[in-house]
Participant: 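Below is one structure. I have some questions about it.
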Amino acid sequence: MSDRLKIAVLISGSGSNLQAIIDAIQKDNIPCDIQLVVSNQALAYGLKRAEYANLKTKIIDHTSFPDRLTFDQAIGDAIDRAGAELVVLAGFMRIFSHWFVNRYRNKLINIHPSLLPKFKGLDTHVRTLSEGETHHGASVHLVTPELDTGPNILQGRITVHSNDTPESLQNRVHQIEHRIYPTVIQWLATHRLVINETSMVLDHQPLTTNGKVIDYEDI
Ligand code: GAR
């Protein structure tokens, strides 16, 4: 039996996080296989990235389903058919039903462009600047039924510069995301991180709900 972690990656857009994961699996020899890439957007550039990497892809367009639950069931069926053990949301811009989140309880992770619990939802870079925050970043977290509230696994943090704009912050946060998402996948694939019903344990130490925080001085 293979001891490689089988994952499904869900995208809606450019897929730069998907690319970072593909690259890290190869470069760092992570014992992980992307079994399937699902997009709800037929024109998502991430689908091209997946095809270039010879990954299996599937378009599941939310507009062709009568409601959220039947869409979520179709996604779940595709994930299960692909044999994925971990579902990685990488810029997947749909909100899941509680049914879906419970089905993949403790097996569903997301990346969000802010230091959660700050700035849930959209426009995180604009809101960071308008609130005068000194720090910003990205969070990889476990998904729970309420939007952007699950416990953090890993956050990457940067200092906001006086000349930052929403665009520069977006760019800098993307660079963080491309480091922290592959890191978490590596931890999971190598069993450094174990997620169970009651706790997350990294290197035999329990993680708090804030997760681990890495400061990136070079970004
Ligand atoms: C990323 O910045 C990710 O954090 C964000 O979408 C972007 C996708 O970029 N996700 C969310 O805002 C989810 N709430 P990508 O398609 O280039 O990976």
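One-based numbering along the sequence shown. Counting starts at 1 for both ligands and their atoms, in listed order.
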Participant: Students should be able to answer this: which protein heavy-atom is nearest to atom 8 (C) of ligand 1, and at what distance?
Facilitator: Gly91 CA, 3.6 Å
Participant: Once you restrict to heavy atoms under 4.0 Å, what part of Met93 touches ligand 1? Side chain, backbone, both or neither.
Facilitator: side chain
Participant: Quick one: look up the protein heavy atom nearest atom 14 (N) of ligand 1 and list residue, atom name and how far away it is.
Facilitator: His112 ND1, 3.2 Å
Participant: Is any N or O atom of Asp148, backbone or side chain, closer than 3.5 Å to an N or O atom of ligand 1?
Facilitator: no
Participant: Below 4.0 angstrom, N of the basic side chain to O of the carboxylate: do Glu131 and Lys118 qualify?
Facilitator: no
Participant: Going by distance alone, is a donor N or O of one side chain under 3.5 Å from an acceptor N or O of the other, for Asp80 and Tyr104?
Facilitator: yes
Participant: At what distance is the nearest protein heavy atom to atom 9 (O) of ligand 1, and which residue and atom is it?
Facilitator: His174 NE2, 3.3 Å
Participant: Checking the N or O distance criterion of under 3.5 Å, is ligand 1 in contact with Gly15?
Facilitator: yes
Participant: Considering residues at least two apart in sequence or located in another chain, which fulfil the side chain to side chain contact (heavy atoms under 4.5 Å, CB included) criterion with Asp67?
Facilitator: Leu69, Thr70
Participant: Would you check whether Ser16 has a nitrogen or oxygen atom less than 3.5 angstrom from a nitrogen or oxygen atom of ligand 1?
Facilitator: yes
Participant: With the threshold set at under 4.0 angstrom, would you say Ile111 reaches ligand 1 through any of its heavy atoms?
Facilitator: yes
Participant: Can you pull out the closest protein heavy atom to atom 4 (O) of ligand 1? Residue, atom name and distance to 0.1 Å, please.
Facilitator: Glu177 OE2, 2.5 Å
Participant: Decide whether Asp28 and Gln186 meet the rule of one side-chain donor and one side-chain acceptor closer than 3.5 Å.
Facilitator: no
Participant: Give a yes or no on whether Lys107 atom NZ has more than 12 heavy-atom contacts from other residues, nucleotides or ligands under 6.0 Å away.
Facilitator: no
Participant: My understanding is that a hydrophobic cluster links ILVMFWY residues whose side chain heavy atoms are under 4.5 Å apart, including indirect links. Using that, what else belongs to the cluster containing Leu116?
Facilitator: none
Participant: Less than 3.5 Å apart, any donor N or O on the side chain of Gln73 or Asp77 sitting next to an acceptor on the other?
Facilitator: no
Participant: Among Pro113, Ser114, Ser14, which residue places a heavy atom closest to atom 11 (C) of ligand 1?
Facilitator: Pro113
